[in-house]
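As structure tokens, the structure follows; a few thoughts come after it.
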Protein chains: 2
Amino acid sequence: MALDLRKQQVLEAIVECHIETAEPVSSRSIARKYNLGVSPATIRNEMADLEEIGLIRQPHTSAGRVPSQRGYRYYVDKLMKKTELTPREEKLIRAIFAKKVKVLADIIQCTLKAVTELTDYLVFLSGPYFENDVLKKIKIIQLMPGKALLVVMAETGWVHSKAIDLSSDITVDDLAYIELVLNHYFQGLTFKQITRTVLKDVYNELIKYRKTINHILEILEVVLQEEVKENLYLGGTNKILKQPEYSDVEEVRNLMNFIEREENLRMILQDADPYRVTVKIGEEIKSEQATKYSAVTAVYNAGGNIVGTLGLLGPMRMDYARAMTVVEHITRVLSEALSGEKVY
Amino acid sequence: MALDLRKQQVLEAIVECHIETAEPVSSRSIARKYNLGVSPATIRNEMADLEEIGLIRQPHTSAGRVPSQRGYRYYVDKLMKKTELTPREEKLIRAIFAKKVKVLADIIQCTLKAVTELTDYLVFLSGPYFENDVLKKIKIIQLMPGKALLVVMAETGWVHSKAIDLSSDITVDDLAYIELVLNHYFQGLTFKQITRTVLKDVYNELIKYRKTINHILEILEVVLQEEVKENLYLGGTNKILKQPEYSDVEEVRNLMNFIEREENLRMILQDADPYRVTVKIGEEIKSEQATKYSAVTAVYNAGGNIVGTLGLLGPMRMDYARAMTVVEHITRVLSEALSGEKVY
DNA sequence: CTTTAGCACTCATTTGATAGGAGTGCTAAT
DNA sequence: ATTAGCACTCCTATCAAATGAGTGCTAAAG
């Protein structure tokens with residue numbers, strides 16, 4: 001589908017104008033705004049051609065043109081120019097991320113905040129998960145009679161700990177033994193493997209500590225799950241209402257319904273390209289409910305490993321250039337925040 | 001403001017009918033639905049009286065009546081009958097809370113879920129906070145050279161721990177000494193006191209560990225803050241759209257704007273009565289933006305201490321009986337979940 | 001004195017017709 | 001190949017009239 005230069009210019013004009021105004025774009029307005037050196041009539045002819053190829057469509061006979069899904073795709077792939085953040089905006093991002101002490105939850109909040117400041121789309125991200133992290137060592141440290149601390153140390157340096165209650169007849173020696181067995185079984189495995197290889201193997205080995213081990217394994221599972229679980233965070237629900245497409249409540253409801261089901265968002269995040277910003281337009285999001293939406297996603301990493309994905313969701317009439325820039329920039333900052341200094 | 005019985009019946013009818021239909025209530029519809037044994041004309045007379053007292057109003061001349069803020073207040077205080085959850089609903093709640101392993105974050109999620117299942121209002125709660133918890137003991141446990149675990153134990157039995165990185169020239173003895181000093185300073189104080197009494201006192205005492213102590217205090221602060229911080233959680237944003245008042249996007253925007261500012265919600269939660277379910281109607285929520293909303297709140301506790309508040313926010317035409325029942329029930333279940341078994 | 005039937009009156013809402021206007025497609029001229 | 005011109009389409013805004021729900025008032029009945 002090679003378009004001649006002028007058709008490209010017209011398509012670009014239509015897409016950009018429509019992104020800006022949310023209204024169908026007329027031949028006259030293009031002639032006025034963009035200096036193509038031709039009259040509206042000529043543009044109309046080009047438009048008729050573009051419509052025939054299926055890159056734009058007419059909401060009704062006497063209306064201007066609107067890009068079709070394929071039109072947006074063509075625009076994103078071939079015509080769109082990269083934008084940059086303004087220095088002001090970069091500063092804003094730095095300010096948001098410039099918290100002194102870094103707790104994971106805070107970083108995620110910062111991310112949501114930063115993106116909602118920069119765009120009027122829905123933001124969502126799958127929280128860092130470390131299912132491929134390798135378990136280095138488990139420690140069970142008694143704090144006082146009947147109370148101990150379960151410590152899980154990963155190769156990456158992450159340390160997780162949780163308190164456990166013990167029946168008071170468990171001795172320090174018992175704990176040492178349990179620790180030994182747990183390490184014997186789990187050391188060197190990834191978190192994913194541990195949760196999958198039935199924890200019951202260990203259970204049998206330590207059958208004489210029945211009650212205690214039950215409890216410990218339970219806690220261990222919680223700790224591991226916390227690492228492995230790909231949490232989903234969402235923000236910008238109020239910002240999205242600024243988009244004119246959502247001045248109709250029915251549309252708002254649709255959207256809310258869509259994002260309410262976590263699996264929808266997970267699916268969008270799932271097949272993000274690890275090497276570049278991914279754009280999904282309309283039906284490219286494989287969901288019947290999402291045919292009117294577009295999503296822009298990119299992965300972020302911690303210490304070189306991909307640990308999660310950040311996404312924007314908005315109407316198909318999304319400012320793709322802007323969205324891509326923001327997503328790219330924020331995932332980079334986020335990766336830095338997660339990798340550079342230690343995050344607790 | 002003593003109303004005779006029939007006026008009360010009429011007011012009750014108007015409120016309940018309006019809560020149900022969201023429409024102005026006419027004299028005829030009351031005569032039809034409620035068997036007051038009088039004609040619409042009589043009811044009209046009563047209505048005129050009620051309007052004069054300011055308990056109901058007329059949106060326009062040829063419309064039915066709508067309860068005023070004071071009308072709702074009268075209804076809630078004097079007329080409303082308590083409702084009960086159905087066995088089905090109770091079962092639903094139990095099912096939602098019946099997770100085996102209890103992580104705090106999960107419990108909060110369950111709470112939000114349960115309430116959104118049971119009502120179509122906004123739910124929000126201030127997360128458990130323990131600023132009055134007393135610090136029992138601090139432990140610093142070395143995990144490996146350059147890495148240690150900071151453990152904070154509270155009188156209530158809650159244990160918090162975080163990993164800390166140390167410069168590798170710190171010995172176990174150093175850590176023991178630091179631990180000693182920290183305990184000396186902080187033992188027996190509430191978390192709130194600790195964060196307020198300048199941590200710098202300790203800093204001076206331990207000046208020779210300068211770098212290390214800096215870091216440890218930083219982490220300690222994070223741990224304490226996590227305890228003290230009254231996190232705010234919000235849910236039901238999509239459910240609220242079911243309310244007919246929000247079929248106008250402008251209304252939705254208003255509402256979103258209101259809930260976007262955390263302090264608004266915090267303020268509502270703040271002055272919840274610790275002994276009973278609190279109802280705030282319209283302007284009783286001291287916010288110009290919230291004159292059309294009502295809120296129902298109740299506190300919940302953990303181990304006998306009040307640790308947070310749960311709230312519902314909806315249009316003034318809220319089903320108060322229902323909302324109060326749900327809030328009361330859920331805070332009870334939540335308190336049980338937080339108190340009964342250990343929560344990790 | 002209270003209740004109520006009856007009726008006039010009000011006013012939001014719906015309906016339908018009309019005018020206006022934006023935008024296109026086509027044709028013929030450049 | 002381009003474009004001016006014009007007919008045509010169809011959305012949208014506007015206005016008047018019709019509709020109807022609901023009230024307030026009055027006068028009669030209980």
Side-chain angles (χ1 to χ4, degrees), chain A residues 3-11 13-18 20-68 71 244-245 247-248, chain B residues 3-11 13-18 20-68 71 244-245 247-248 250-251:
Chain A
L3 298 185
D4 64 55
L5 179 63
R6 200 171 58 197
K7 281 198 177 45
Q8 290 191 357
Q9 289 177 324
V10 171
L11 178 58
I14 292 173
V15 173
E16 288 181 357
C17 203
H18 183 64
E20 194 187 330
T21 63
E23 297 293 324
V25 183
S26 76
S27 54
R28 253 194 76 207
S29 67
I30 292 180
R32 220 184 316 117
K33 271 201 217 162
Y34 301 78
N35 266 8
L36 301 190
V38 288
S39 77
T42 310
I43 294 175
R44 275 204 291 281
N45 288 329
E46 301 288 22
M47 282 169 128
D49 294 351
L50 286 170
E51 181 159 18
E52 196 157 2
I53 321 178
L55 295 180
I56 58 178
R57 22 175 228 95
Q58 223 174 353
H60 56 264
T61 330
S62 66
R65 299 308 210 290
V66 166
S68 69
E245 13 276 289
S247 48
D248 174 19
Chain B
L3 299 185
D4 64 54
L5 180 63
R6 200 171 58 196
K7 281 200 177 44
Q8 290 191 357
Q9 289 176 325
V10 171
L11 178 58
I14 291 173
V15 174
E16 289 181 357
C17 203
H18 183 65
E20 194 187 331
T21 63
E23 296 293 323
V25 182
S26 76
S27 55
R28 252 195 75 209
S29 66
I30 291 180
R32 221 184 315 117
K33 271 201 217 161
Y34 301 77
N35 266 7
L36 301 190
V38 289
S39 76
T42 310
I43 294 175
R44 275 205 290 281
N45 288 329
E46 300 288 22
M47 282 167 127
D49 293 351
L50 286 170
E51 181 159 16
E52 196 157 0
I53 321 179
L55 295 180
I56 59 178
R57 21 175 229 96
Q58 226 175 349
H60 56 265
T61 330
S62 67
R65 298 309 210 290
V66 165
S68 70
E245 13 275 290
S247 48
D248 175 18
E250 211 34 59
E251 291 298 327

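Bear in mind that the values here come from a model prediction, so they are computed numbers and not experimental data. Letters A, B, ... are given to chains in the order of the sequence lines, protein chains preceding strands, and every chain is numbered from 1.
For the atom pair NE2 (A:His18) and OG (A:Ser29), the distance works out to 12.0 Å, reported to the nearest 0.5 Å. Atom CD1 of B:Ile30 sits about 11.0 Å away from atom CZ of B:Arg44, to the nearest 0.5 Å. If you take CZ on B:Arg57 and CD1 on B:Ile14, they are separated by 12.0 Å, rounding to the nearest 0.5 Å.
Contacts of B:Gln9 classified as side chain to side chain contact (heavy atoms under 4.5 Å, CB included), with partners at least two apart in sequence or in another chain: B:Leu5, B:Arg6, B:Leu36.
For the pair A:Val66 and A:Pro24, the tightest heavy-atom approach, listed with the atom from each and the gap, is CG2-CA, 3.8 Å. In plain terms, the two heavy atoms of B:Gly71 and B:Leu11 that are nearest each other are O-CD2, 4.3 Å. Summarising the geometry of B:Pro244 relative to B:Ala22, their closest heavy-atom pair is CG-CB, 3.6 Å, with the distance given to 0.1 Å.
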Distances under 3.5 Å between protein N/O atoms and the N/O atoms of nucleotides 11-17 of chain C, please, pair by pair.
unit_1 : atom_1 : unit_2  : atom_2 : d
C:dC11 : OP1    : B:Thr61 : OG1    : 3.1
C:dC11 : O4'    : B:Ser62 : OG     : 3.3
C:dC11 : O2     : B:Ser62 : OG     : 3.2

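Within the 4.5 Å cutoff, the side chain of A:Ile56 has no heavy atoms near those of the A:Ser68 side chain.
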Anything under 3.5 Å between a donor and an acceptor, one on a side chain of residues 47-55 of chain B, the other on a protein residue two or more places apart or in another chain? List them.
unit_1  : atom_1 : unit_2  : atom_2 : d
B:Asp49 : OD2    : B:Lys7  : NZ     : 3.2
B:Glu51 : OE1    : B:Arg65 : NE     : 2.8
B:Glu51 : OE1    : B:Arg65 : NH2    : 2.8
B:Glu51 : OE2    : B:Gln58 : N      : 3.4

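Applying the salt bridge (Lys or Arg N to Asp or Glu O under 4.0 Å) rule to pairs touching residues 26-41 of chain B yields nothing, sequence neighbours excluded.
Residues from residues 30-45 of chain A with heavy atoms under 4.0 angstrom of DNA chain C, sorted by number: A:Arg44.
Taking every nucleotide of DNA chain D with any atom under 4.0 Å from a non-hydrogen atom of chain A, the first and last of them, 5' to 3', are D:dT2 to D:dC11.
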